[in-house]
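Quick note on labels: first sequence line is chain A, next is B, and so on, each numbered from 1.
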There are 2 protein chains.
Amino acid sequence: MQVTTLCLGALVFGEATGYEINKMFEDGPFSHFLDASYGSIYPALTRLTDEGLVTCKAEQQERRPDKKIYALTDRGRQSLSEALHTPLAEDKFRSEFLFAVLFADLLPRSRVVELVDQRLAAMKAKTEELATKDPGDTPGMDFARLYGHAVYSASVSFLENNRHLIEDIAVDDKPQEAPREVHTHV
Amino acid sequence: MQVTTLCLGALVFGEATGYEINKMFEDGPFSHFLDASYGSIYPALTRLTDEGLVTCKAEQQERRPDKKIYALTDRGRQSLSEALHTPLAEDKFRSEFLFAVLFADLLPRSRVVELVDQRLAAMKAKTEELATKDPGDTPGMDFARLYGHAVYSASVSFLENNRHLIEDIAVDDKPQEAPREVHTHV
DNA sequence: GGCGTCTATATAGGGCCGATATATGAGAAT
DNA sequence: ATTCTCATATATCGGCCCTATATAGACGCC
């Protein structure tokens, strides 16, 4: 599924500029399970306009570049519907963290601990973010949000309960990197 | 993190051909959380050879193209280690299913049910696949496998318990698509 | 015998990300 | 008062990467 189709989906929620569509992928309703950036969104909107799937009206602004407001046409809405009736790609998951974990036995324990701590913090933040319901959300957004919350919660639990599995296979830190003044503790 | 780095990681498990590295991404230990294909792997191996991070010995085969067997050099191993000590990219998750779910209210109920059924079947298959331990797996692979199992299990549970949320907002199927002979039930 | 699958390398085409350029206003920091 | 950062807004370039395809023999299945 290409960025053009994703843009059609974005415009179902109302007319928008390329800038606003980009925000939907960065912060908005798409941010947790889709990706697209300026480099693909602007060309996509041009293509869609050429094909008559969206309309573009330029709004003049003082001392600013014109704002181009895009809106779905009937053909655009139909094109999205067709895309949603053809087989969808499987979910894709990419994790450099799990890649690194495969080589935990080559890393110092402190680095593995750091990686787990970072991942755990990131996942907790996402879990919390997805815990609060926004009244403006559609039922579909609610479902996606709850889905994400369930998955990230499971992720956090797993990491907390099993981090020792990889931390214990990491190599010991070099002595000189650890504090030496243990004897002063007495 | 580029494909070159991923190839270095693949070669930690032993020397391999480009073909075998590709299999690691398709079926093997990387398949659940990384992506790479011929179009990037072969050029990556060429680049790595040029930079002295891997060696390449060609093994002549009768009536076949030469098999090129790649192996890590010390510098290659060090380069991987450096990459694992620089900040890692966040996990990325891409789901056309969740995209479609956002527009459940535009789709016939039968299509939404179909989408959920397909997704559920795919996730159950993955859950089962990750449930069995392979004796050849490293501790890191075990961790990644259990992690995936936990996440997919949570995913299956959520879908089973909450599918009604989106199925109920889908539009009714057109009457002519549904069986008409309800009255014969008596 | 024919068909599909597996082994094995390689490339062309096109899509996409990341970074950058261009302007300017608002608000915060110092 | 001045500087700095952030937000608005469009657009493109370079380079990386995926998809599909080409090539070619072996092997098993029907």
Side-chain angles (χ1 to χ4, degrees), chain A residues 1-8 10 15-28 30-31 34-51 54 56-70 83 86-87 89-94 96, chain B residues 1-8 10 15-28 30-31 34-51 54 56-70 83 86-94 96 99:
Chain A
M1 189 171 292
Q2 314 182 193
V3 175
T4 47
T5 311
L6 304 183
C7 287
L8 292 177
E15 53 178 34
T17 65
Y19 181 79
E20 288 165 341
I21 291 176
N22 182 258
K23 274 200 296 190
M24 295 178 73
F25 289 97
E26 273 191 353
D27 307 336
F30 295 163
S31 60
L34 290 175
D35 263 297
S37 50
Y38 288 135
S40 52
I41 291 171
Y42 281 117
L45 289 171
T46 305
R47 238 181 301 158
L48 288 169
T49 308
D50 291 345
E51 293 168 11
V54 306
C56 171
K57 65 176 173 200
E59 191 174 277
Q60 275 191 327
Q61 297 196 123
E62 293 168 20
R63 306 162 195 270
R64 293 233 181 170
D66 283 3
K67 199 194 273 190
K68 291 187 180 175
I69 301 170
Y70 294 91
T86 56
E90 282 206 8
D91 291 2
K92 261 181 206 167
F93 174 61
R94 184 184 172 94
E96 296 191 357
Chain B
M1 188 171 292
Q2 314 181 195
V3 175
T4 45
T5 310
L6 303 184
C7 287
L8 292 178
E15 55 178 31
T17 65
Y19 181 79
E20 288 165 342
I21 291 176
N22 181 258
K23 275 200 296 189
M24 294 178 74
F25 289 97
E26 273 192 353
D27 307 336
F30 294 164
S31 61
L34 289 176
D35 261 298
S37 50
Y38 289 135
S40 51
I41 292 170
Y42 281 116
L45 290 171
T46 306
R47 237 182 301 158
L48 289 169
T49 308
D50 291 345
E51 292 167 11
V54 306
C56 170
K57 66 174 173 200
E59 189 172 279
Q60 275 192 327
Q61 298 196 121
E62 292 168 20
R63 305 161 194 270
R64 294 234 181 170
D66 283 3
K67 200 194 272 191
K68 291 187 180 175
I69 301 170
Y70 294 91
T86 56
L88 304 182
E90 282 206 9
D91 291 2
K92 259 180 204 166
F93 174 62
R94 183 185 173 94
E96 297 192 356
F99 175 72

ask   = Tell me, do B:R94 and A:L34 make a side-chain contact under 4.5 Å, heavy atoms counted?
value = yes
Residue-phosphate contact under 4.0 Å: B:Y19 side-chain N/O, C:dT7 OP1/OP2 = yes
Donor-acceptor contact below 3.5 Å, side chain A:E96 vs main chain B:A89 = yes
query = With a 4.5 Å heavy-atom cut-off, do B:L45 and B:C56 have their side chains touching?
reply = no
inquiry  = Pick the closest DNA chain C nucleotide for B:K23 and for B:T46 by heavy atoms, then say which residue is nearer the 5' end.
reply    = B:K23
task = Rounded to the nearest 0.5 Å, what's the gap from CD1 on A:I41 to CD on A:E20? Could you check?
result = 11.5 Å
remark   = Winner on side-chain proximity to B:D35, out of D:dC18, C:dA8, D:dA9, is D:dC18
ask   = Contact class for A:G39 (heavy atom, under 4.0 Å): base, sugar-phosphate, or nothing?
value = base
task = Using only side-chain N and O atoms of A:Y42, determine if any of them is under 4.0 Å from OP1 or OP2 of D:dA11.
result = no
Residue list, ring-ring contact (aromatic ring centres under 6.0 Å, His included) with A:F93, at least two apart or on another chain = none
query = When the distance from CD1 of A:I41 to P of C:dG18 is rounded to whole Å, what number comes out?
reply = 12 Å
query = Roughly, in whole Å, what's the span from NZ in A:K92 to P in C:dG15?
reply = 15 Å
Net bend of the helix from C:dG1-D:dC30 to C:dT30-D:dA1, end axes of five pairs each, nearest 10 degrees = 40°
ask   = Considering heavy-atom distances to DNA chain C, does A:Y38 or A:M1 have its closest nucleotide positioned more toward the 5' end?
value = A:M1
message = Output the rounded distance in Å from CG (A:L45) to P (D:dA9).
response = 14 Å
inquiry  = Quick check on D:dC16: is either OP1 or OP2 less than 4.0 Å from any side-chain nitrogen or oxygen of B:S40?
reply    = no
ask   = Do B:I21 and B:F25 have side-chain heavy atoms sitting under 4.5 Å apart?
value = yes
request  = Establish, with yes or no, whether the OP1 or OP2 oxygen of C:dT7 is under 4.0 angstrom from a side-chain nitrogen or oxygen of B:T17.
outcome  = no
query = Within this structure, what is the CZ-to-C1' distance between A:R47 and D:dA11, rounded to whole angstrom?
reply = 15 Å
inquiry  = Using a 6.0 Å cut-off, check whether atom CD of B:E90 has over 12 heavy atoms from anything other than its own residue.
reply    = no
inquiry  = Looking only at the side chain of B:K68 (C-beta and beyond, no hydrogens), which of the listed nucleotides C:dA10, C:dT11, D:dC17 gets closest?
reply    = C:dA10
task = Look at the rings of A:Y19 and A:Y38 and say which category their plane angle falls in: under 30° parallel, 30 to 60° tilted, over 60° perpendicular.
result = parallel
key: N/O (side chain, A:S37) to phosphate O (OP1/OP2, C:dC17) under 4.0 Å   = yes
task = Rounded to the nearest angstrom, tell me the gap between atom OH in B:Y70 and atom C1' in C:dA10.
result = 10 Å
query = Rounded to the Å, how far apart are A:E26 CD and D:dA7 P?
reply = 10 Å
request  = Would you mind reading off the distance between A:K67 atom NZ and C:dA23 atom C1', rounded to a whole angstrom?
outcome  = 16 Å
query = What is the distance from CD of B:E15 to P of C:dA8, rounded to the nearest Å?
reply = 13 Å
